[in-house]
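Contents: one structure, followed by commentary.
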Number of protein chains: 2
Amino acid sequence: MANGKTTLRDVAAAAGVSPMTASNALHGKAGVKESTRAKVLAAAERLDYRINLTASMLKSGRSNIIHIIVNEFDSPFYSKLVQALATATTERGLTPFVEQTRYSPTAAERALTRNPFSDQLFDGEIIHASGLGTNLPLARMNAGRPLVLIDGCEETPSVDTVNFPNEDGARAAVQHLIERGCRHIAIVGGEFVPRAELAHVETSYGLRLRGASGALLDAGLAYDESIMFYGYNSDYGIKAGHAIGDAILAVGESSGRPFDGVFCANDYAAFGVIRGLKDRGLRVPDDVKVIGIDGTSFGAYSTPTLSTIQVDLDQLAQFALDMITRRIERRNTVNGAGASTGSAGADTGSVADASDQPTRATIGYRLIARESTGA
Amino acid sequence: MANGKTTLRDVAAAAGVSPMTASNALHGKAGVKESTRAKVLAAAERLDYRINLTASMLKSGRSNIIHIIVNEFDSPFYSKLVQALATATTERGLTPFVEQTRYSPTAAERALTRNPFSDQLFDGEIIHASGLGTNLPLARMNAGRPLVLIDGCEETPSVDTVNFPNEDGARAAVQHLIERGCRHIAIVGGEFVPRAELAHVETSYGLRLRGASGALLDAGLAYDESIMFYGYNSDYGIKAGHAIGDAILAVGESSGRPFDGVFCANDYAAFGVIRGLKDRGLRVPDDVKVIGIDGTSFGAYSTPTLSTIQVDLDQLAQFALDMITRRIERRNTVNGAGASTGSAGADTGSVADASDQPTRATIGYRLIARESTGA
DNA sequence: ATGAAAGCGCTAACAG
DNA sequence: CTGTTAGCGCTTTCAT
């Protein structure tokens, strides 16, 4: 407490015990007499003791900090994802450290590999895959530290992964448009991908396209380049809305409208599309029905309210934290065992058992039918 | 490099220098021969050396980490604020650590005072005041660490503060409604506060009310309890919209509508109000004009697009970082001087000079006139 | 149930 | 310009 900083030593002295006993008492470790613990806690309280985490981390190699890596903070999707992950992390007694890559693959890779914090400051990392390239040697990039991938979409995952219900969700969205009577459905997202090439896609967008095209083909509707419009965010969504609107107006009422429904590969784009259609004098849902996917909060307040596929981000966060805490615990026991076993050696092989294999989970979703599809 | 972990020692050994020289070389400190530095850098690269920040922090007491405290991640306002602050922090070579308090004053206070990281892990803190009580002894809570308050709204600031243009922005918003022809303007926000009591308010909402009421009174329009509707977010905004709509419909077209304009104390509420008015069959802007304040991204994509007061969050972030880096540098030099001066004592008084006084800045804004006010 | 010793990896301070 | 010494505050290990 010399410099206004109370150290463990000070607390121990005030309680009349050794630093080690004070440490054990403060951490609630077993094997400390109740009366001793009480003395220590009282002293700590009185001296306003705060543990020095840098010292603790340096010695123990553990921080309880989870590194969360996403593209950005300011989007309806990411802000919700980050909030779910950060809240779940805190609920488990861990500390979330959120980093944004601003959509730079370099930044994402550096966050995982060259970040000076990673080695010592983080117990584990949760990264949203989009922005990384596909099929990176993630486990290696991460040097074996506990890692969970969000929406990695790999067919054979190399690390623990929590996926969005991309294919099923998109299929449900398009089926909903069909049930609402749509027969000419446009898709707003990225590039057109021929159906055959969708068999082994490993991206979120590819899977959504697979689900959407599947629903179209099952219903005997067209899936080809003519129904595709580029637009992955609101700005491009507006342009897509204009293009779709122009196509509708060019044909005119008489000969049947070319589009009466739009599936957007994310909500953000859907808001833009609605806006763009409105700019052309087309009404949603009367003239064209629109559905998104993601379930961002804003869809409940927009005009019209947005039909969407709501994904369960709280469930996602629980899955991700289950996976990461399991890895962390596992690593601690293995390390502990390895250290005390010394050079037994033979054990090293058997640790690569089933529990080392990458886990995979897919989160749930539900269709929210709102005004934009005539609900 | 024994355990897969390369230490500074290893690098120094490989480069044939002492650890201290290696450290200086890696940190780009002056006073290292260029050839020596090159050797060290090469060795570090070859051995894939990464500094152990916990050790560095423990010894030096500096981390380059800035603690950013906000209410939550998932709102259009906070996600934008966090992104601006995090990006500006990174641009200055510092590391942002964002924490959410979930609107709990306890959590906010703990983040500042009892957070075990604060003492050792953070070089400074930037906190958005809302959620803290008013007029807390912030400087004391923070134990003298560098601290910047966002929108503290204190008349006589106790710490460095960057304020929003609450009063002027609200005034400009209401003036805009008046210019658009509105004569019966409702206010959606918190509780009604009599004009007299607004003289010395120290909250964001109070200042906005002062600006709004000032504009109304200047134009000879009413400011009283009958024009106030409760609603600080979209959910309550919808209810406010319903109430305003009901009031309009109750009176009927003939006797003149009671409300033809709505000023919302934030954008979030404005989206709800528009939604609520629509539920009652009222059109924005034809029947009622609506304006918000904050300038959240979504206003550009909604239907109708939202007129708002756009505040310059990037400027805010620059101001905040200017203030915090100044405090950090100042603290370092003072500490350094103090240490070498030994027990000179007399100097202690003179360090409390003008540069110790709390700084205050107010960020800029501009009116964005969009569809919701008939633009 | 408690304590003593040792040292995590780095950098401030000073010596050369 | 470079090296040596010391120690940040804690926790692991081992002894009592």
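The sequence lines fix the lettering, A, B, ..., with proteins before strands; numbering per chain opens at 1.
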Between A/Arg327 and A/Asp356, is there a donor-acceptor pair closer than 3.5 Å when you use the side chain of the first and the backbone of the second?
yes

Please list residues of residues 23-32 of chain B whose heavy atoms come under 4.0 Å from any atom in DNA chain C, ordered by number; otherwise none.
B/Ser23, B/His27, B/Lys29

Choose from C/dG9, D/dT12, D/dC10 the nucleotide whose nearest atom is closest to any side-chain atom of A/Ser56.
D/dC10

Mind telling me whether A/Tyr78 and A/Tyr103 have parallel, tilted or perpendicular rings, with 30° and 60° as the class edges?
perpendicular

Helix axis bend for the helix from C/dA1-D/dT16 to C/dG16-D/dC1 - C1'-based end axes, five pairs, 10° rounding
30°

Between A/Tyr49 and B/Ser35, whichever has its closest DNA chain D nucleotide further toward 5' is B/Ser35

Are the side chain of B/Arg330 and the backbone of B/Pro146 linked by a donor-acceptor contact shorter than 3.5 Å?
no

Please check: side-chain N/O of B/Thr6 versus main-chain N/O of B/Leu47, any donor-acceptor pairing under 3.5 Å?
yes

Under 4.0 angstrom, heavy atoms only, what part of the nucleic acid is A/Thr54 near: base, sugar-phosphate, or nothing?
nothing

Please tell me which of the listed nucleotides, D/dT13, D/dC8, D/dC10, lies nearest to the side chain of A/Met20?
D/dT13

Residue pair A/Lys59/B/Lys33 against DNA chain D: nearer the 5' end by closest nucleotide is B/Lys33

Within the distance-only criterion (no hydrogens, no angle test), does the side chain of B/Thr325 pair as donor or acceptor with the backbone N or O of B/Asp322 below 3.5 angstrom?
yes

Side-chain (A/Arg145) to main-chain (A/Gly124) donor-acceptor, under 3.5 angstrom
no

Side-chain donor/acceptor of B/Thr89 to backbone N/O of B/Leu94, under 3.5 Å
no

Where the side chain of B/Leu8 is defined as all heavy atoms beyond and including C-beta, which of D/dG9, C/dC10, D/dT12 is the nearest nucleotide?
C/dC10

Determine, stepwise, if the pair B/Asp10 / B/Tyr49 fulfils side chain to side chain donor-acceptor pair (under 3.5 Å).
CA-CA 9 Å; B/Asp10 302 321; B/Tyr49 170 74; over 6 Å; no

